[in-house]
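A quick write-up on the structure given underneath.
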Number of protein chains: 2
Amino acid sequence: MDKRTFKNHAYGEIASLARAMAHPLRLEILDLLANGPKSVEEMATIGQASMASTSQQLQVLKNNRLVVAEKRGKQVFYALASRQVYDAWMGLKALTSHVNPFLDQYIRTFREPYGTEQSLGTATLSGSDYLVVDVRPVKEYLHGHLPDAVSIPMEQLAELSGSLPRDKRIVAYCRGEMCTYADEAVKYLREMGFQADRMDVSISEMLAK
Amino acid sequence: MDKRTFKNHAYGEIASLARAMAHPLRLEILDLLANGPKSVEEMATIGQASMASTSQQLQVLKNNRLVVAEKRGKQVFYALASRQVYDAWMGLKALTSHVNPFLDQYIRTFREPYGTEQSLGTATLSGSDYLVVDVRPVKEYLHGHLPDAVSIPMEQLAELSGSLPRDKRIVAYCRGEMCTYADEAVKYLREMGFQADRMDVSISEMLAK
DNA sequence: TCTATATTCAATTATTTTATTGATTGTTTG
DNA sequence: CAAACAATCAATAAAATAATTGAATATAGA
């Protein structure tokens with residue numbers, strides 16, 4: 001085998017994998033699946049894309065072995081192929097933040113109207129003056145959550161907010177930096193007179209035992 | 001700003017960066033530049049591409065802030081923009097190895113005729129029965145090398161091999177898994193009756209103080 | 001068995017990337 | 001100043017990818 005052929009093939013294989021991730025919807029899917037398996041329909045709804053497009057992009061991810069599919073009844077549930085896929089996606093996101101200051105700037109601008117530009121890190125939390133609330137759908141909470149978090153899905157926040165303490169600071173988190181549930185939750189809670197803040201939590205922290 | 005617009009832009013920015021890496025020559029360039037700055041001409045020669053193509057791909061990397069350029073005389077030297085770029089590239093490579101067993105298989109097949117399918121890790125080395133040889137060009141050696149390595153560029157191996165010890169095992173390394181200098185060196189040295197092996201060394205290990 | 005539903009497939013068009021060529025710019029050197 | 005050289009630019013054709021649409025498949029439930 002020729003040296004040049006070898007290099008072309010080797011770098012080419014890696015480039016193919018990079019290309020498989022190089023698509024907004026495909027990245028959003030990976031980000032979603034980090035929170036647990038999902039059916040095509042769920043992802044299509046959340047990503048506001050058609051079933052056909054969503055399925056098409058899922059095929060790309062599947063063909064590159066980034067996700068695995070399992071058929072249950074007439075639905076197909078997809079999941080990340082492994083922990084490493086999530087790590088690589090986080091690495092890519094971190095690199096973008098690092099080389100492209102526009103991304104963080106843009107995220108901050110988006111959060112301004114919610115008053116959530118400053119978010120807490122999990123490290124900041126200590127003591128018991130906080131109530132940590134996981135505002136993702138219950139299924140995702142059950143897949144993995146911060147040890148001391150309670151589940152109040154965003155959809156039920158209005159009806160359940162009555163049971164929340166007014167003497168403690170409430171800290172809400174959701175799927176991550178690109179998820180808006182926590183922003184909406186914080187905005188709503190503050191309007192209802194609660195002390196509320198948004199927190200950035202990585203999936204690894206949610207899955208840690 | 002609309003939630004959907006926000007997500008599309010955010011994921012889109014990250015996807016753009018992934019796309020910037022999704023090209024065999026661009027990846028080869030990043031891999032090369034991890035060993036120190038290089039002119040366009042050098043990279044074109046090593047990558048066996050035209051100056052125009054190489055320059056074109058370098059523009060893509062530069063526009064995405066993965067590399068930086070510095071003009072010296074009539075040459076332009078490029079370098080990795082930061083350590084993080086290298087980390088992300090390694091992460092991508094690791095993910096490919098993990099999800100695509102074909103890559104490692106292919107690398108092993110290529111090495112077979114050189115007898116270098118088994119390579120040593122830096123962790124394996126202990127004691128002083130080894131002579132570690134860096135077979136990259138001197139400039140790359142000077143940019144960073146294993147603490148106990150001597151520099152014998154592949155091009156000069158034939159003329160300098162006389163000074164190598166026959167009672168010690170020789171361990172050769174080069175730019176990494178996709179570089180073939182060490183393979184050629186090991187093959188040559190064994191043919192000359194030396195005990196030689198190839199070692200996989202990461203750039204981080206070469207740059208560590 | 002028939003119908004509704006979830007998903008995938010297939011085909012087409014639009015859009016982006018890639019590869020290649022030759023011209024152009026800027027710098028050094030004779 | 002002219003020649004040689006490194007690098008980039010600009011333009012084009014070829015190839016790959018993306019988006020969209022409607023049909024096809026498979027399963028569950030009536």
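Proteins come first, then strands; the chains are lettered A, B, ... in the order of their sequence lines, and each starts at number 1. Since the structure is predicted, the reported quantities are computational estimates derived from the model, not experimental observations.
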Just the rounded figure in Å: distance from P of dT18(C) to CG of L25(B). 11 Å
dA18(D) phosphate, OP1 or OP2: any side-chain N/O from R26(A) under 4.0 angstrom? yes
Would you name the heavy atoms of E13(B) and T96(A) that are closest together and state the gap between them? O-CG2, 4.1 Å
Expressed in angstrom and rounded to an integer, what is the separation of Q75(B) atom CD from dT8(D) atom P? 11 Å
Check the pair E177(B) / R198(B) against salt bridge (charged side-chain N to carboxylate O under 4.0 Å, His left out), numbers first and verdict last. CA-CA 10 Å; E177(B) 230 180 329; R198(B) 186 181 162 281; over 6 Å; no
In residues 36-72 of chain A, which residues come under 4.0 Å of DNA chain D by heavy atom? A52(A), S53(A), Q56(A), Q57(A), K71(A)
Should the pair Y114(A) and F110(A) be assigned to parallel (<30°), tilted (30 to 60°) or perpendicular (>60°) ring geometry? tilted
For the CZ atom of R108(B) and the CD atom of Q118(B), what is their distance to the nearest 0.5 Å? 9.5 Å
Under 4.0 Å between any heavy atoms, over every strand shown, what does Y78(A) touch: base, sugar-phosphate, or nothing? Just pick one. sugar-phosphate
Ignoring hydrogens and geometry beyond distance, is a side-chain donor-acceptor pair present between Q57(B) and S53(B) at under 3.5 Å? no
Only one of Q84(B), R26(B), M21(B) passes side-chain contact (heavy atoms from CB on, under 4.5 Å) with L66(B), and that residue is M21(B)
Angle separating the five-pair end axes of the helix from dT1(C)-dA30(D) to dG30(C)-dC1(D), nearest 10°, is 20°
Closest non-hydrogen atom pair, Y181(B) against C174(B): CB-CB, 3.8 Å
Within this structure, what is the CG-to-P distance between L27(B) and dT17(C), rounded to whole angstrom? 16 Å
Closest to the 5' end of DNA chain D, once V76(B) and R19(A) are matched to their nearest nucleotides, is V76(B)
Hey, mind stepping through T45(A) and E41(A) against side-chain hydrogen bond (donor to acceptor under 3.5 Å, both in side chains) and telling me if it holds? CA-CA 6 Å; T45(A) 308; E41(A) 193 180 29; 5.7 Å; no
